[in-house]
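What follows is a single structure, written as structure tokens, with notes after it.
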Amino acid sequence: MWRKKDRMAGGRLPGCKERGEWAELYFMMQAAGLGMKVSRPFGSVGRYDVGVENPTEGNQARVLRVQVKSTIYTRRNGGYSLNAMGPQRKKYLPGTVDFFAILLIPIDCWYIIPFEVLGRKNCSIHFTPKSVRQKYGAYREAWHLLRETGLTIQACVDEDWPEVEAGTAGSSPSLRWGSE
């Protein structure tokens with residue numbers, strides 16, 4: 001995907017928090033440009049940064065929880081590193097994040113990595129984009145992964161749960177147990 005050079009201005013932002021917020025917006029722009037619907041949890045206390053919903057057939061939507069990470073730190077060998085830790089420098093718990101979207105800001109390169117690959121670690125991770133044997137090479141610009149998997153949100157009806165019938169305005173709803 002072609003990008004203008006001035007879009008990498010986020011790398012010049014002074015603080016980590018500002019760069020992180022910029023990377024989240026950049027991720028949402030990229031995902032929306034690929035036809036995905038994006039949302040962001042209200043406030044800064046969400047367990048993930050961005051929700052990605054894919055167009056699906058029928059009424060069921062697949063929502064993925066994406067944690068966005070970014071780095072400007074280069075290593076001696078031309079690689080990049082960043083900390084893959086959650087709040088209070090703890091590892092991410094299963095069920096809180098589905099994917100990590102990692103941006104290497106200096107080269108404008110995204111890695112879309114499933115939680116199962118990265119999430120159980122509480123450490124620094126390293127990327128060597130120029131190496132043929134790089135560990136995360138299969139996930140470089142792997143936007144298709146956000147389209148192929150997801151959580152299916154379904155509803156369930158419990159036969160023993162009372163139905164609530166809507167009444168008129170000002171009246172209380174009446175309960176009805178099962179079928180009569």
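For clarity, every value in this text was computed on a predicted model and none was experimentally measured. One-based numbering along the sequence shown.
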What's the spacing between [X] [atom1] and [Y] [atom2] if we round to 0.5 Å?
X      : Y      : atom1 : atom2 : result
Ser70  : Leu82  : OG    : CG    : 8.0 Å
Arg140 : Ile102 : CZ    : CD1   : 13.0 Å
Met28  : Asp49  : CE    : CG    : 9.0 Å
Tyr139 : Ile113 : OH    : CD1   : 7.5 Å
Ile107 : Ile72  : CD1   : CD1   : 13.5 Å
Glu141 : Asp108 : CD    : CG    : 7.5 Å

Heavy-atom check, side chain of [X] versus side chain of [Y], under 4.5 Å:
X      : Y      : value
Phe115 : Asp98  : no
Arg147 : Met36  : yes
Leu104 : Pro129 : yes
Val97  : Val66  : no

Can the ring centroids of [X] and [Y] be said to lie less than 6.0 angstrom from one another?
X      : Y      : value
Trp110 : Phe27  : yes
Tyr136 : Phe127 : yes
Phe99  : Trp143 : no
Tyr92  : Phe100 : yes

Please answer whether the main-chain N or O of [Y] pairs with a side-chain N or O of [X] as donor and acceptor at a distance below 3.5 Å.
X      : Y      : value
Ser131 : Arg133 : yes
Thr74  : Tyr80  : no
Thr96  : Leu93  : yes
Lys69  : Met85  : yes

Worksheet item: Do Arg65 and Arg47 pass the side chain to side chain contact (heavy atoms under 4.5 Å, CB included) test, and can you show the C-alpha distance, the side-chain angles, and the key distance before you say yes or no?
Response: CA-CA 9 Å; Arg65 298 161 295 187; Arg47 294 196 271 174; over 6 Å; no
Which heavy-atom pair separates [X] from [Y] by the least distance, and what is that distance?
X      : Y      : result
Thr71  : Pro106 : O-CD, 3.5 Å
Val38  : Ala32  : CG1-N, 4.3 Å
Ile112 : Ala142 : CB-O, 3.5 Å

Worksheet entry | No-hydrogen, no-angle side-chain donor-acceptor test under 3.5 Å, Tyr73 and Asn83 | no
Worksheet item: Is there a donor-acceptor contact under 3.5 Å linking the side chains of Gln134 and Tyr111?
Response: yes
